[in-house]
K.L.:
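Questions regarding the structure given below will be posed in turn.
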Amino acid sequence: MSWYDRVFVDTGRAAAMWAVVGFLVTFVVVRGITRRIRTKQRKPQGKTGLIHDIHIGGVHVHHQVWGILLVLVVGALEFRFSPDAPWGEILAALFGVGAALVLDEFALWFYLDDVYWAENGRKSIDAVLIGGSLGILLLLEASPIGESRGESAMWSYLLGIAVHLVTALVCLLKGKLATGVLGVVVPLIALVGALRLAKPDSAWARRRYAGRKLDRSRRRFGARYTARHNRLRDLFGGTPTPDLKKKRVSGNAGSGRPQ
């Protein structure tokens, strides 16, 4: 028996592993392509060569479109046929590919505007990081509800689930989206996030913080925190185009050019 069979197939994690691989590889490749296109189109004489945006009927087709179509097709095939290996793993990898294409343009469909290379486009990187982290946690067999230990422990089991989900909800109310989502899978993350300070612009802070506590929150999540966060985003996704920070952008997500 091979290591792959022992670690992934026999534990039922093979499909999850291929989904994560498809997701991560696709994100790296797509960001590399879009950064290459932006670099080429910034040059005065702009031949794009083999790597360029796709246009159909004069309309730029964003890569999230292909991702949505791929996820829909994969879901339909999985629900209809539930294939065994290796087709199940192939569908899982294709699902990861589609999910990466969609989340890489999360900011576009969140704002209903082409902000791919604008400052708001960094939210796409947040979405990819959350999605990738969640996939890895599920691959490691983390369970959002744990395991029941029999009827005698049912009430304590349900109470534990309730506390876990409440702490995850508190994280979301405190403006900690990543902590709340990942905390649904890992209770310790949710508990730590719920106990720590809320972000100053969150619903929790607006209702419950004032005076010194609000000042502490503003210092904790101030300019230095934002700068660190943005450096991480830019490391994965590329630095936004400065002249798009204040503009409403439409059109070409691959190049980041206003049209």
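Position 1 is the first residue of the sequence, and the numbers go up from there. Side chains included, hydrogens not; waters and symmetry mates left out as well; all remaining heavy atoms used.
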K.L.:
Using atom types as modelled, flag every donor-acceptor pair under 3.5 Å from a side chain in residues 15-27 to any protein atom, sequence neighbours excluded.
P.N.:
from  : atom 1 : to    : atom 2 : distance (Å)
Trp18 : NE1    : Tyr4  : OH     : 2.8
Thr26 : OG1    : Gly22 : O      : 2.6

K.L.:
Please give me the minimum heavy-atom distance between Ile54 and His60, naming the atom from each residue.
P.N.:
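Minimum heavy-atom contact is O-CD2, 3.4 Å.
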K.L.:
Where do Cys171 and Ala190 come nearest, in terms of heavy atoms and distance?
P.N.:
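It is SG-O, 3.3 Å.
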K.L.:
Assert yes or no for the condition that the ring centre distance of Phe221 to His229 is strictly below 6.0 Å.
P.N.:
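Judged by ring-centre distance (under 6.0 Å), Phe221 and His229 do not meet the cut-off.
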K.L.:
Check the pair Trp117, Arg38 against side chain to side chain contact (heavy atoms under 4.5 Å, CB included), reporting the backbone distance first and the verdict last.
P.N.:
CA-CA 9 Å; Trp117 289 120; Arg38 180 172 69 155; 3.5 Å; yes
K.L.:
Determine the interplanar angle of the Trp3 and Phe8 rings, folded into 0 to 90°, and report it as parallel if under 30°, tilted if 30 to 60°, perpendicular if over 60°.
P.N.:
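The rings of Trp3 and Phe8 stand perpendicular, inter-plane angle above 60°.
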K.L.:
Measure the shortest side-chain to side-chain distance between Val170 and Lys174 over non-hydrogen atoms and say whether it is less than 4.5 angstrom.
P.N.:
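The answer is yes, as the side chains (C-beta and beyond) meet within the 4.5 Å cut-off.
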K.L.:
Report the residues that fulfil ring pair (Phe, Tyr, Trp, His ring centres under 6.0 Å) with Phe110, sequence neighbours left out, ordered by chain and then residue number.
P.N.:
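Expected list: Phe106.
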K.L.:
Starting at CD of Glu119, measure out to OG1 of Thr239 and round the result to the nearest 0.5 Å.
P.N.:
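Separation between the atoms: 11.0 Å.
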K.L.:
Is there a side-chain contact between Gln64 and Trp109, using heavy atoms and a 4.5 Å cut-off?
P.N.:
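In contact.
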K.L.:
If you count heavy atoms of other groups shown closer than 6.0 angstrom to CZ of Arg220, is the number above 12?
P.N.:
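Atom CZ in Arg220 is packed in, count exceeds 12.
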K.L.:
Output all residues satisfying side-chain hydrogen bond (donor to acceptor under 3.5 Å, both in side chains) with Arg233, sequence neighbours left out; order by chain, then residue number.
P.N.:
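Arg233: side-chain hydrogen bond (donor to acceptor under 3.5 Å, both in side chains) contacts with Asp126, Asn230.
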K.L.:
For a 4.5 angstrom cut-off between non-hydrogen side-chain atoms, does Thr11 reach Arg6?
P.N.:
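Not in contact.
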K.L.:
Rounded at 0.5 Å granularity, tell me how far CD1 in Ile130 sits from CD1 in Ile125.
P.N.:
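So the gap between those two atoms works out to 11.5 Å.
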K.L.:
Kindly give the heavy-atom pair with the smallest separation between Arg31 and Asp104, and that separation in Å.
P.N.:
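Nearest pair, atom of Arg31 first, then Asp104: NE-OD1, 2.7 Å.
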K.L.:
Considering all heavy atoms of both residues, which atom of Gly121 and which atom of Ala107 are nearest to each other, and what is their separation?
P.N.:
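For Gly121 and Ala107, the tightest heavy-atom pair comes out as CA-CB, 3.7 Å.
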K.L.:
Between Leu182 and Ser133, which heavy-atom pair has the shortest distance, and what is it?
P.N.:
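Shortest heavy-atom separation between Leu182 and Ser133 comes out as CD2-CB, 3.7 Å.
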K.L.:
Clusters formed by hydrophobic residues whose side-chain heavy atoms approach within less than 4.5 Å: which one holds Leu191, and what are its other members?
P.N.:
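Members alongside Leu191: Leu195.
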K.L.:
Name each donor-acceptor pair under 3.5 Å that joins a side chain in residues 200-208 to protein atoms two or more places apart or in another chain, with its distance.
P.N.:
from   : atom 1 : to     : atom 2 : distance (Å)
Ser202 : OG     : Lys199 : O      : 2.7
Ser202 : OG     : Ala205 : N      : 3.2
Arg206 : NH1    : Asp201 : O      : 2.6

K.L.:
Measure the spacing between CG of Leu139 and CG of Leu134 and express it to the nearest 0.5 Å.
P.N.:
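CG of Leu134 is found 11.5 Å from CG of Leu139.
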K.L.:
Let me confirm one number: the CG-CD1 distance from Leu140 to Ile136, rounded to the nearest 0.5 Å.
P.N.:
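Rounded to the nearest 0.5 Å, the CG-CD1 separation comes to 7.5 Å.
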K.L.:
Check for me, please, whether Leu232 and Val128 land in the same ILVMFWY cluster - side-chain distances under 4.5 Å, paths through other members count.
P.N.:
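Cluster IDs for Leu232 and Val128 match.
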K.L.:
Is the backbone N or O of Ala198 less than 3.5 Å from a side-chain atom of Tyr209, with the two atoms forming a donor-acceptor pair by type?
P.N.:
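It does hold such a pair.
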K.L.:
Can you tell me how far the CG atom of Leu214 sits from the CZ atom of Arg218, to the nearest 0.5 Å?
P.N.:
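Rounded to the nearest 0.5 Å, the CG-CZ separation comes out at 4.0 Å.
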K.L.:
Indicate the atoms forming the closest heavy-atom contact of Ala127 with Leu103, along with that distance.
P.N.:
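Smallest heavy-atom distance, with atoms named: O-CD1, 3.8 Å.
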K.L.:
Could you walk me through whether His55 and Val61 pass side chain to side chain contact (heavy atoms under 4.5 Å, CB included), step by step?
P.N.:
CA-CA 6 Å; His55 291 80; Val61 182; over 6 Å; no
K.L.:
Just verifying a value: how many Å separate His164 NE2 and Ile161 CD1, rounded to the nearest 0.5 Å?
P.N.:
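So the NE2 of His164 and the CD1 of Ile161 are separated by 9.5 Å.
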K.L.:
Determine whether the side chains of Tyr116 and Thr34 contain a donor N or O and an acceptor N or O closer than 3.5 Å.
P.N.:
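The criterion, which ignores hydrogens and geometry beyond distance, is satisfied for Thr34 and Tyr116.
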K.L.:
How about Arg36: does its CZ atom have over 12 heavy atoms from other parts shown lying under 6.0 Å from it?
P.N.:
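Atom CZ in Arg36 is not packed in, count stays at 12 or less.
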K.L.:
Might you work through the side chain to side chain contact (heavy atoms under 4.5 Å, CB included) test for Asp215 and Arg219, ending with a clear yes or no?
P.N.:
CA-CA 6 Å; Asp215 291 338; Arg219 288 195 300 270; 3.8 Å; yes
K.L.:
Quick one: does Leu197's side chain get under 4.5 Å of Arg216's, heavy atoms only?
P.N.:
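Touching, per the 4.5 Å side-chain cut-off.
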K.L.:
Name each donor-acceptor pair under 3.5 Å that joins a side chain in residues 79-102 to protein atoms two or more places apart or in another chain, with its distance.
P.N.:
from  : atom 1 : to    : atom 2 : distance (Å)
Ser82 : OG     : Glu78 : O      : 3.1

